[in-house]
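FYI, side chains are in, hydrogens and waters are out, and symmetry mates aren't considered; it's all heavy atoms of this structure. Lettering of chains follows the sequences in order, A, B, ..., and the numbering in each one begins at 1.
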2 protein chains.
Amino acid sequence: MDALQHFFKESHNLSKDDLGYLINHFEKVSVSKGTVLFKQGMVVDVVYFVGEGVLHQYNYNEEGEKVTLNLHDGPCFCTNLESFSERKTSQDSCVALTDCTLYILQKEKYDALVNTNVKWSNFVKDVITKTLTKMLNQLKAISNKSIEQRYLDLLKNNPLIIQNASIATIASYLGTSRETLHRIRRKNILV
Amino acid sequence: MDALQHFFKESHNLSKDDLGYLINHFEKVSVSKGTVLFKQGMVVDVVYFVGEGVLHQYNYNEEGEKVTLNLHDGPCFCTNLESFSERKTSQDSCVALTDCTLYILQKEKYDALVNTNVKWSNFVKDVITKTLTKMLNQLKAISNKSIEQRYLDLLKNNPLIIQNASIATIASYLGTSRETLHRIRRKNILV
DNA sequence: CAACAATTGTGTCAAATGACACACTAACAA
DNA sequence: TTGTTAGTGTGTCATTTGACACAATTGTTG
């Protein structure tokens, strides 16, 4: 439970007992590269916490092209939130690009946690609030950056993503074409 | 309290009593065009619910250019979430582009609500979850659309935004230049 | 009304991009 | 080994875009 404990210790103040209580809701698993974590058409009834490894979340647009929605590089959460919280079928799929250490939170355990008492409900509320805040800040940051700068940032901050995702996947993630990303790569070959 | 009641009735199941209890946390105000709702440097200690009207949320990038973060067209919530939830100073500002009917939720009232009991804490958690879900879906939708399509969607779904924001503001919101948006406008003059 | 500022409309041009075509390489199976 | 497949590297070209410059229009203020 190492990575998970570390994450909650860093991001939220919890007593030792509370931390133990929380961690008990998760189940640690190791999955190998290529494992499908969820797939288009199913209801995603778990939240994954990625301890180590890289996940690829994607769907297909009207033209049938694969569109990368997210490249998760632990430590972070990964799920299809709408599917999880409203029990809808997912339009996204998620596959492990590397061997991964994951911590699984089942929907029933999640529901039990948020109904324990007001403290735990507020704790989950705060985790979700932080997730939303983080996403808003990322969007702000992105809006001021060129594709090239975003690629260089990724190279610096998330080298595992660069090493394990194909150039086409990264291009789709950055919202550009494979060829343009290749030009950027060639130009920055020394970096 | 019309627009606010209507919003919560539509989006969440609440008994009459619960709806009344919730609504009591808000204060209805009318503001005129040009009113500053919050400003860079201050701590945003309220959440606004926009009943009617258009708000412009923006900040400045490193080059000192105004960047539009959001154009809020009621009914919707508007705040700086990070500033509100963590009492940090805001880097964003927010101005009314039209006369507006707003419903203000003070931070103290918010804190009181989420600490009432597990039911209300979970209610707020669900509102935030829905907000996050909605944003993720918008991002998905945007990633498949051209600037032109997004402009036409805005014209169709949020005509008040088109009517009240300048072409430069809308261009910034869509992530393009004033000139390019003008080309799109000229091309679709008949629409 | 005149003067001024702010916004919008427009043309030109260099640069960036996407689409297409195809060669090259690596990994893997038969 | 050979063939196959997926992924990557590369060149060409039409199109789109952003930047710049400036005209036209609108709105505001004295």
Side-chain angles (χ1 to χ4, degrees), chain A residues 32-34 36 54 56 58 60-68 71 93 95-99 142-155 159-191, chain B residues 32-36 54 56 58 60-68 71 93 95-99 142-152 154-155 159-191:
Chain A
S32 55
K33 178 175 170 174
V36 175
V54 180
H56 181 203
Y58 60 90
Y60 294 90
N61 64 14
E62 303 83 28
E63 287 86 37
E65 300 158 335
K66 208 186 236 189
V67 180
T68 296
L71 290 166
S93 303
V95 173
L97 293 183
T98 66
D99 294 352
I142 283 176
S143 73
N144 285 326
K145 281 179 184 165
S146 64
I147 301 288
E148 179 166 0
Q149 193 52 58
R150 286 177 59 198
Y151 173 77
L152 294 174
D153 288 353
L154 212 55
L155 192 62
L160 284 178
I161 288 177
I162 302 290
Q163 284 161 34
N164 292 290
S166 75
I167 191 175
T169 296
I170 300 169
S172 162
Y173 177 59
L174 296 175
T176 188
S177 69
R178 192 180 64 84
E179 293 91 334
T180 296
L181 180 55
H182 183 261
R183 287 177 193 131
I184 292 172
R185 259 187 156 158
R186 182 169 28 172
K187 187 173 151 194
N188 292 283
I189 197 116
L190 300 173
V191 180
Chain B
S32 56
K33 179 175 173 174
T35 302
V36 176
V54 180
H56 182 204
Y58 59 91
Y60 293 90
N61 64 15
E62 303 83 28
E63 288 86 37
E65 300 158 335
K66 207 188 239 192
V67 179
T68 295
L71 291 166
S93 303
V95 173
L97 294 185
T98 65
D99 293 353
I142 283 175
S143 72
N144 286 324
K145 282 180 186 166
S146 64
I147 302 287
E148 179 166 0
Q149 192 54 58
R150 286 176 60 199
Y151 172 76
L152 294 175
L154 212 57
L155 192 62
L160 283 179
I161 289 178
I162 302 290
Q163 285 162 32
N164 292 289
S166 76
I167 191 172
T169 297
I170 300 170
S172 163
Y173 177 59
L174 295 175
T176 189
S177 68
R178 193 180 63 85
E179 293 91 336
T180 296
L181 181 56
H182 182 261
R183 287 176 193 133
I184 291 171
R185 259 188 155 157
R186 181 169 29 171
K187 188 173 148 195
N188 292 282
I189 196 118
L190 300 173
V191 179

Please list, pair by pair, any protein nitrogen or oxygen found under 3.5 Å from a nitrogen or oxygen in nucleotides 19-21 of chain C.
{"residue": "C:dA19", "atom": "N6", "partner": "A:Arg183", "partner atom": "NH2", "Å": "3.4"}
{"residue": "C:dC20", "atom": "N4", "partner": "A:Glu179", "partner atom": "OE2", "Å": "2.8"}

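In this structure, A:Tyr58 and A:His56 have tilted ring planes: the angle between them lies in the 30° to 60° band.
For the pairing with A:Ile170, the side chain to side chain contact (heavy atoms under 4.5 Å, CB included) check across A:Leu155, A:Leu154, A:Asn164 returns one residue only, A:Leu154.
For the pair A:Ile170 CD1 and D:dT8 C1', the interatomic distance rounds to 12 Å; values are reported in whole Å. Atoms CD (A:Glu148) and P (C:dA15) sit 16 Å apart, rounded to a whole Å. Distance B:Gln163 CD to C:dT8 P: 14 Å, rounded to the nearest Å. Rounded to an integer number of Å, the gap from CD1 of B:Ile184 to C1' of D:dG18 is 13 Å. If you measure from atom CZ of B:Arg186 to atom P of D:dT25, you get 15 Å, rounded to the nearest angstrom. Rounded to an integer number of Å, the gap from B:Ile147 CD1 to D:dT15 P is 20 Å. Going from atom CG of B:Asn164 over to atom P of C:dT7 covers 14 Å, rounded to whole Å. Going from atom NZ of A:Lys187 over to atom C1' of D:dG9 covers 18 Å, rounded to whole Å.
Between A:His182 and D:dT8 there is no side-chain polar atom (N or O) within less than 4.0 angstrom of OP1 or OP2. Between B:Thr180 and D:dG18 there is a side-chain polar atom (N or O) within less than 4.0 angstrom of OP1 or OP2.
Panel note: side chain B:Ser172, backbone B:Thr68; a donor-acceptor pair is recorded below 3.5 Å.
For B:Ser166, the listed nucleotide lying nearest its side chain is C:dT7; candidates were C:dT7, D:dT8, C:dT17.
Note: B:Lys187 NZ to B:Leu152 CG = 8.5 Å, rounded to the nearest 0.5 Å. Between B:Ile147 atom CD1 and B:Thr176 atom OG1 the span is 5.0 Å, to the nearest 0.5 Å. The line from CG of B:Leu160 to CG of B:Leu71 is 11.5 Å long, rounded to the nearest 0.5 Å.
Rounded to 10°, the angle separating the first-five-pair axis and the last-five-pair axis of the helix from C:dC1-D:dG30 to C:dA30-D:dT1 equals 30°.
B:Asn188 and B:Glu148 share a side-chain donor-acceptor pair at under 3.5 Å.
Between B:Ile162 and B:Arg185 the shortest side-chain heavy-atom distance falls below 4.5 Å.
Legend: residues meeting side chain to side chain donor-acceptor pair (under 3.5 Å) with B:Ser143, ordered by chain and number and at least two apart, are absent.
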